[in-house]
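The shown structure was predicted, so the numbers you read here are calculated from the model rather than taken from an experiment. To find a chain, count down the sequence lines: A is the first, B the second, and so on, and within it residues start at 1.
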Amino acid sequence: MTDFQPRSDFLRILEERGFIHQCSDFAGLDALAAKGEAVGYIGFDATAPSLHAGSLVQIMLLHWLQQTGNKAIALMGGGTTMVGDPSGRDESRKMLTPGDIEANKAGIRQVFSKFLTFGTGGRDAVMLDNAEWLLKLNWIEMLRDVGRHFSVNRMLSMDSVRLRLERDQEMSFIEFNYMVLQSYDFAHMAKTVGCNLQMGGSDQWGNIVNGVDLGRRMGTHQLYALTTPLLTTASGAKMGKTAQGAVWLNADMLSPYDYWQYWRNAEDADVSKFLRKFTVLPISEIIRLEALQGAEINEAKIVLATEATTLLHGRAAAESAAETARKTFQEGALAADLPSVDVAASEVEAGLGLLSAFVKAGIVPSTGEARRQIKSGGLRLNDAVVSDERAMLGAEAFNADGVAKLSMGKKKHVLLRLT
RNA sequence: GGGGGAAUGUCCCGAGCGGCAAAGGGGGCGGACUGUAAAUCCGCUGGCUAAGCCUUCGCAGGUUCGAGUCCUGCUUCCCCCA
């Protein structure tokens, strides 16, 4: 960033927390935000019933926009989803039915409501869906009103296009048009809801600036662009993705405990970055935590996990996850809200192999994997290493409450409950 | 429309004279060391009622005692020519 000194709370907070990569006009946007007149949006795909941690940066951006007295718009890409976002070269981008998209939007809305206050008042956040206007577009009108403002020469020179062409990679016409649609969204919302700011990841810069341009050509008020640095973890992984899958934000897709664990397991090098972006702790407190060295960083990680989980799932759920983790990892005790799976008492009496029990608990996918883990000493029953793959799970393994703890490695624990 | 090439372990990349549960990476999982971190080292990485059996190399047939490998047809993708 430049040496620009923001006056607005909005830009000041974004800057000190490391959210800013590029902005089309710092001074202009700053003046707007200082008056509480910024109306900013970010677009989100409606391809899944929940967002994942990879979208958190953008969500926090909207959060701060609203917290600093401005208006936030979460735009669902219901229309662009019908087309399929081509920028990822992922194979299966099936067309979603309108029903799917509606269901996904409902799920995503739940997440947003944790970070934003929705409503109809001036400062309330709103959720829009570009299907509302994109699906009605007429090809000829579109060409005449919007298409004439786009220079193909310029589109070809944009990074997103140029790099593909240079590498001789195929780019479909639909993909080429994506930026037109996105620009149109921006200009359309400028006219209809007074939107004047679009934010997004740094890879969106070209598309956003195109929207700013289109607005000017179509005679809207001045539009602004703001992008965030692309976030990866210290080891280069995409934010929000683990080998097990995405870090979902909806509680029914990823439990608060697992969400807490995701942050607790952050690499040292990521802790500072995460504290600034994914918690709302005062900067002074963050600076104190950043100063911790060596094993003390674990304290910072616990604060990170608890604060990040609080934002999404509430203080109670976060504290409970922290307590479960403390019992499990520090005391080795049996904490009640570890993930649990029920087994019928009759099944145990009939003779349940330990291997099958581990499969049943969902710890390993097959008995073969269970055998392998036993060979390398990875499986434990009530904290005792399992060495006999023929062992049975007897009634004596369950404590007075009818609970037995099955573990693999240091971090994976599941409780079996007799029913 | 004509010509050429490709598809392998259900995460990815990739080797594979007719004897193959199939080399090697990456990733992942477990172990050791640590701090629920990183780095490093070691092991594992089709399924099952497990010294045995079953199912895998794009799909469907065929040749053969035996096919990922040879033959025929099909599907999909890529390249060149028109």
Which is true for [X] with a 4.0 Å heavy-atom rule: it touches a base, it touches only sugar-phosphate, or it touches nothing?
{"X": "A:Arg372", "answer": "sugar-phosphate"}
{"X": "A:Gly368", "answer": "base"}
{"X": "A:Lys301", "answer": "base"}
{"X": "A:Trp260", "answer": "base"}
{"X": "A:Gly353", "answer": "nothing"}

| said: For a quick check under 3.5 Å, do A:Asp124 and A:Thr117 share a side-chain donor-acceptor pair by atom type? | reply: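 No - no donor-acceptor pair under 3.5 Å links their side chains.
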| Proximity to the side chain of A:Asn265 - top-ranked nucleotide from B:G35, B:U36, B:G30 |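 Nucleotide nearest to A:Asn265's side chain: B:U36.
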| message | Given B:G30, B:A37, B:G35, identify the nucleotide with an atom nearest to the side chain of A:Gln373. | response |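 Among the listed nucleotides, the one closest to the side chain of A:Gln373 is B:G30.
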Considering only the [atom1] atoms, how many Å lie between [N] and [M], rounded to the nearest integer?
{"N": "B:A21", "M": "B:A67", "atom1": "C1'", "result": "15 Å"}
{"N": "B:C74", "M": "B:G4", "atom1": "P", "result": "15 Å"}
{"N": "B:G68", "M": "B:U56", "atom1": "P", "result": "10 Å"}
{"N": "B:C65", "M": "B:A50", "atom1": "P", "result": "35 Å"}
{"N": "B:A38", "M": "B:C53", "atom1": "C1'", "result": "45 Å"}
{"N": "B:G5", "M": "B:G24", "atom1": "C1'", "result": "24 Å"}
{"N": "B:C41", "M": "B:C57", "atom1": "P", "result": "36 Å"}

| said: Under 3.5 Å for both donor-acceptor distances, Watson-Crick or wobble: does B:C20 have a partner, and if so which one? | reply: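 WC or wobble partner does not exist here.
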Rounded interatomic separation in angstrom, taking [atom1] from [X] and [atom2] from [N]:
{"X": "A:Arg371", "N": "B:C44", "atom1": "CZ", "atom2": "C1'", "value": "15 Å"}
{"X": "A:Glu296", "N": "B:U36", "atom1": "CD", "atom2": "P", "value": "14 Å"}
{"X": "A:Gln261", "N": "B:G35", "atom1": "CD", "atom2": "C1'", "value": "14 Å"}

| message | Out of the candidates A:Asn177, A:Asn210, A:Asn207, A:Asn130, only one should pair with A:Gln182 under the side-chain hydrogen bond (donor to acceptor under 3.5 Å, both in side chains) rule; please name it. | response |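 Answer to the side-chain hydrogen bond (donor to acceptor under 3.5 Å, both in side chains) test with A:Gln182 among A:Asn177, A:Asn210, A:Asn207, A:Asn130: A:Asn207.
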| task | Please check the phosphate of B:U49 (OP1 and OP2 only) for any side-chain N or O of A:Thr367 closer than 4.0 Å. | result |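 Affirmative; the distance criterion is met.
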| Short side-chain N/O contact to B:A37 OP1/OP2 from A:Lys411, under 4.0 Å |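 Looking at the OP1 and OP2 atoms of B:A37, one of them is under 4.0 Å from a side-chain N or O of A:Lys411.
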| request: State, yes or no, whether a side-chain contact exists between A:Arg372 and A:Val364 at a heavy-atom distance under 4.5 Å. | output: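 Answer no - side chains too far apart.
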